[in-house]
A.B. asks: 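Please see the structure below; I have some questions.
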Protein chains: 2
Amino acid sequence: MKPTIYDVAKKAGVSIATVSKVMNNQPVRKKTREKVLEAMEELDYKPNILASALMGKRTSTIGFLLPDIANPFVAEMARRVEDRAHEKGYNLVICSTDFDREKEALYVSLLNQKSVDGFILAGDFKNEDVLKSLLEEHIPVVLLAASHPSLLVNSVRVDDFIGGYEVASHLISLGHKKIAVIGEDATSSKERIRGFKQALQENEMNLRDEMVVIGGSSSEDAELSAAKLLADPEPPTAIFACNDILSMGVILAARGRDIRIPDDLSIVGFDNTLLSMNSDPPLTTVEQPIQDMCSQAVDLLIEEIEGKSKTKQRIIMMPRLIIRNSTSEYRAEDDA
Amino acid sequence: MKPTIYDVAKKAGVSIATVSKVMNNQPVRKKTREKVLEAMEELDYKPNILASALMGKRTSTIGFLLPDIANPFVAEMARRVEDRAHEKGYNLVICSTDFDREKEALYVSLLNQKSVDGFILAGDFKNEDVLKSLLEEHIPVVLLAASHPSLLVNSVRVDDFIGGYEVASHLISLGHKKIAVIGEDATSSKERIRGFKQALQENEMNLRDEMVVIGGSSSEDAELSAAKLLADPEPPTAIFACNDILSMGVILAARGRDIRIPDDLSIVGFDNTLLSMNSDPPLTTVEQPIQDMCSQAVDLLIEEIEGKSKTKQRIIMMPRLIIRNSTSEYRAEDDA
DNA sequence: ATGAAAGCGCTAACAG
DNA sequence: CTGTTAGCGCTTTCAT
């Protein structure tokens with residue numbers, strides 16, 4: 001069997017209380033401490049975290065709920081969160097929720113049973129009741145790449161409104177007049193679209209309702225939406241897809257109709273994932289400061305977990321437009 | 001405070017032993033069972049998993065060690081593994097090891113302290129000592145997208161040799177004579193290259209040593225390697241990059257030298273990730289049956305965890321070549 | 001079929 | 001400074 005605190009105590013010739021004290025850095029005579037440490041070393045003793053957690057100590061485990069770990073943007077966040085958490089001595093249990101309220105509730109409940117120390121909720125968390133009860137029970141939570149307008153909860157995200165605004169400004173500067181937008185049913189998309197519209201309005205342009213479509217999260221969903229948009233007798237000359245994955249669908253739709261990018265159609269994405277860098281053509285997109293966002297989110301959470309919590313924060317970071325080859329100047333050309 | 005087994009017992013008017021019995025489906029009179037269930041319901045009782053794990057029960061948590069969760073292929077595996085594990089009532093704690101022996105050892109030790117029920121090790125696991133000790137301690141383990149030639153351990157992977165063989169056959173059939181290979185320092189790459197060479201030999205072709213370069217895992221590493229290869233006075237007309245990420249680097253290198261794909265250079269990847277579908281041009285690559293592999297891996301692990309283990313297995317699945325637009329017939333053309 | 005009691009490995013008063 | 005002891009919430013004999 002694996003050595004327990006009793007084995008260490010016996011070998012060091014002290015009581016288990018003393019062993020516990022050296023583990024928890026409580027006052028112990030130097031000589032005694034050394035004896036204990038030595039015994040631990042010899043036995044290759046590793047304290048059982050379950051037992052100490054049962055006594056109210058931390059598990060040093062964070063529940064990380066996200067929409068879908070297979071999504072490249074999400075996966076990259078996961079890596080950043082993991083690295084930061086690891087630096088601070090925490091592990092991550094990761095659950096993909098697919099924006100499904102049931103799954104959200106189930107996973108939160110499950111992880112609570114397993115006594116995680118807190119939660120990072122990435123992307124829109126749909127089940128507000130669950131979020132509220134987490135807050136009521138004072139379980140540490142931080143929202144990542146999301147925020148809540150009325151709840152007192154830590155959150156870290158990019159300024160989606162500005163992101164959308166920048167995209168529109170770019171397209172306008174290229175002379176595009178007829179523009180469409182494809183988003184998913186999430187707050188981030190909606191904010192991006194709001195910013196997008198704002199820029200248009202400031203230039204006395206407007207976005208007809210038929211030109212904005214909110215749909216599913218997959219590339220295929222976007223492909224369908226884009227196909228419809230492009231079938232219009234007067235099709236858009238530019239499409240803003242609210243993230244890179246959706247953009248891939250748009251590219252495919254255009255390719256399917258022999259529409260050249262960017263000559264006939266400009267496309268802009270969001271997130272600056274690997275996909276956008278290697279797509280055909282490389283995609284103009286908006287970069288989020290993932291690394292910073294994730295570090296901050298972890299730091300906020302751990303501060304709360306470890307009780308050094310200051311006041312709740314809503315941190316909003318700035319996005320950056322990255323211009324590649326999927327956008328170009330609009331040239332009126334009659335193909336008819 | 002959250003209700004404990006005592007609260008349930010009191011409310012139901014029975015002893016905690018009885019409550020425990022109904023939770024564990026042990027014989028209890030129907031009437032009693034109902035009373036208990038009712039009490040649990042009313043209190044919204046959730047058993048504390050740490051406590052039961054302390055008594056030797058499972059934590060229903062699996063340690064999932066992988067090279068890098070930000071890698072799209074790995075992320076997709078993670079999702080499949082997660083889904084299957086969840087179906088069976090298990091959660092995943094995910095750790096990125098970067099092929100680093102130290103990290104591997106550290107994470108295994110940490111997760112053992114947290115009493116995970118078993119491990120899935122994805123990709124090459126470099127620290128053989130740690131793997132061996134896991135096996136010796138009879139901790140359930142399965143290797144995913146990897147295997148071990150001499151250790152008695154469950155594993156599930158694709159037949160990399162055949163994958164490489166198919167790639168070579170495809171390139172040969174297109175008339176390519178001067179071919180190069182870029183791989184990473186991992187067994188899978190080496191196997192793919194072995195299969196690749198085999199096909200060449202069978203066609204009385206051979207691969208000069210300078211034409212195969214083993215390097216880092218990043219797209220940038222591959223870009224550098226490819227740049228060198230392409231600077232050769234007699235550059236290759238086709239390059240096999242041992243996975244899609246590396247391929248992206250090759251594409252960039254070619255683009256940097258104004259080499260057209262596939263006209264001047266054919267490129268083949270491996271894994272059939274999102275990257276390959278949306279790259280410029282869409283990449284010829286090799287698909288792995290990720291879903292099946294991951295389900296099997298989880299099933300093997302859980303069988304072992306739950307003691308219904310049959311004999312150890314090494315499962316090897318077949319890959320499938322997917323031809324897209326990054327490969328074309330070789331045409332001798334003098335540009336000079 | 002049910003309950004009393006011991007104990008999993010650890011922490012935290014409380015004495016000494 | 002160190003040891004004794006009582007739990008944390010649950011499972012598991014062993015009686016009844």
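Both backbone and side-chain heavy atoms feed into the values below; hydrogens, waters and symmetry mates do not. Lettering of chains follows the sequences in order, A, B, ..., and the numbering in each one begins at 1.
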A.B. asks: Evaluate the criterion salt bridge (Lys or Arg N to Asp or Glu O under 4.0 Å) for residue pair B:R79 and A:D98; output intermediate values, then yes/no.
C.D. replies: CA-CA 11 Å; B:R79 180 50 136 111; A:D98 295 314; 2.3 Å; yes
A.B. asks: For B:L54 and B:P27, find the nucleotide of DNA chain C closest to each by heavy atoms; which residue's nucleotide sits nearer the 5' end?
C.D. replies: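 Per heavy-atom nearest nucleotide, the more 5' residue is B:P27.
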A.B. asks: Scan side-chain atoms only and decide if B:K57 and B:N24 contain a donor-acceptor pair under the 3.5 Å cut-off.
C.D. replies: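 B:K57 vs B:N24: donor-acceptor pair found between side chains.
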A.B. asks: Let me know which of B:K312, B:E304, B:Q313 forms a side-chain hydrogen bond (donor to acceptor under 3.5 Å, both in side chains) with B:N154.
C.D. replies: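 Single pass found, and it is B:E304.
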A.B. asks: Strictly distance-based, threshold 3.5 Å: is any side-chain N or O of A:Q291 a donor or acceptor partner for the main-chain N or O of A:R80?
C.D. replies: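 Pair absent, no side-chain N/O of A:Q291 close to backbone of A:R80.
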A.B. asks: Measure the distance from CD1 on A:I5 to C1' on C:dC8 and round it to the nearest whole Å.
C.D. replies: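 Spelled out: CD1 on A:I5 to C1' on C:dC8 is 13 Å.
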A.B. asks: Report the distance from atom CE of A:M23 to atom C1' of C:dC10, rounded to the nearest whole Å.
C.D. replies: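 So the two atoms are 7 Å apart, to the nearest Å.
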A.B. asks: Does D:dC8 have OP1 or OP2 sitting under 4.0 Å from an N or O in the side chain of B:T4?
C.D. replies: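 Answer is no, no contact under 4.0 Å.
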A.B. asks: Which whole-number value in Å describes the distance from B:N48 CG to D:dG7 P?
C.D. replies: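 Checked: the CG to P distance equals 18 Å.
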A.B. asks: Using atom CD1 of A:I49 as one end and atom P of C:dT11 as the other, report the distance to the nearest whole Å.
C.D. replies: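 Between P of C:dT11 and CD1 of A:I49: 10 Å.
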A.B. asks: So, B:S217 side chain and B:E184 main chain: donor-acceptor pair closer than 3.5 Å or not?
C.D. replies: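 Not at all, since once roles are kept as given, no pair shorter than 3.5 Å links the two residues.
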A.B. asks: Do any side-chain nitrogens or oxygens of B:S15 fall under 4.0 Å of OP1 or OP2 in C:dT2?
C.D. replies: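 So the side-chain polar atoms of B:S15 never come under 4.0 Å of the phosphate oxygens OP1 or OP2 of C:dT2.
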A.B. asks: Polar pairs (N or O, both sides) under 3.5 Å between protein and nucleotides 12-16 of chain D?
C.D. replies:
none

A.B. asks: For A:V19, answer base if it contacts any base atom (sugar-phosphate contacts may also be present), sugar-phosphate if it contacts only those atoms, and nothing otherwise; contact means non-hydrogen atoms under 4.0 Å.
C.D. replies: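 No contact.
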A.B. asks: What is the distance, rounded to the nearest whole Å, between atom NZ of B:K10 and atom P of C:dG3?
C.D. replies: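 One finds 15 Å between P of C:dG3 and NZ of B:K10, rounded.
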A.B. asks: Between C:dT2 atom C1' and B:E34 atom CD, what is the distance in whole Å?
C.D. replies: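 Rounding to the nearest Å, CD of B:E34 and C1' of C:dT2 are 17 Å apart.
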A.B. asks: Roughly how bent is the helix from C:dA1-D:dT16 to C:dG16-D:dC1 end to end, in steps of 10 degrees, with each end axis from five pairs?
C.D. replies: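 Both end axes considered, the difference amounts to 40°.
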A.B. asks: Grab the CD-P distance between A:Q113 and D:dG9 for me, whole Å please.
C.D. replies: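 After rounding, the gap between these two atoms is 14 Å.
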A.B. asks: For a quick test of reading the model: is some side-chain N or O of B:S52 closer than 4.0 Å to OP1 or OP2 of D:dC10?
C.D. replies: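 Checking B:S52 against D:dC10: no side-chain N or O falls below 4.0 Å of OP1 or OP2.
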A.B. asks: Whole angstroms only, please: what is the NZ-P distance between B:K46 and D:dC8?
C.D. replies: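 Taking atom P of D:dC8 as the reference, NZ of B:K46 is at 21 Å.
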A.B. asks: I'd like to know whether A:K11 forms a salt bridge (Lys or Arg N to Asp or Glu O under 4.0 Å) with A:E42, so could you lay out the CA-CA distance, the side-chain angles of the two residues, the decisive distance to 0.1 Å, and finally the verdict.
C.D. replies: CA-CA 9 Å; A:K11 171 148 240 161; A:E42 285 180 34; 3.4 Å; yes
A.B. asks: Verify the distance criterion only: is there a donor paired with an acceptor across the side chains of A:S188 and A:D160 at less than 3.5 Å?
C.D. replies: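 Short answer, no.
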A.B. asks: Do side-chain atoms of A:Q288 reach the backbone of A:D271 as a donor and acceptor pair under 3.5 angstrom?
C.D. replies: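 No: the side chain of A:Q288 does not pair with the backbone of A:D271.
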A.B. asks: Donor-acceptor pair, A:T61 side chain versus A:N91 backbone, under 3.5 Å?
C.D. replies: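 Looks like no, no N/O pair under 3.5 Å.
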A.B. asks: Taking only the side-chain nitrogens and oxygens of B:Y6, find out if one of them lies under 4.0 Å from OP1 or OP2 of D:dG7.
C.D. replies: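 Looking at the OP1 and OP2 atoms of D:dG7, neither is under 4.0 Å from any side-chain N or O of B:Y6.
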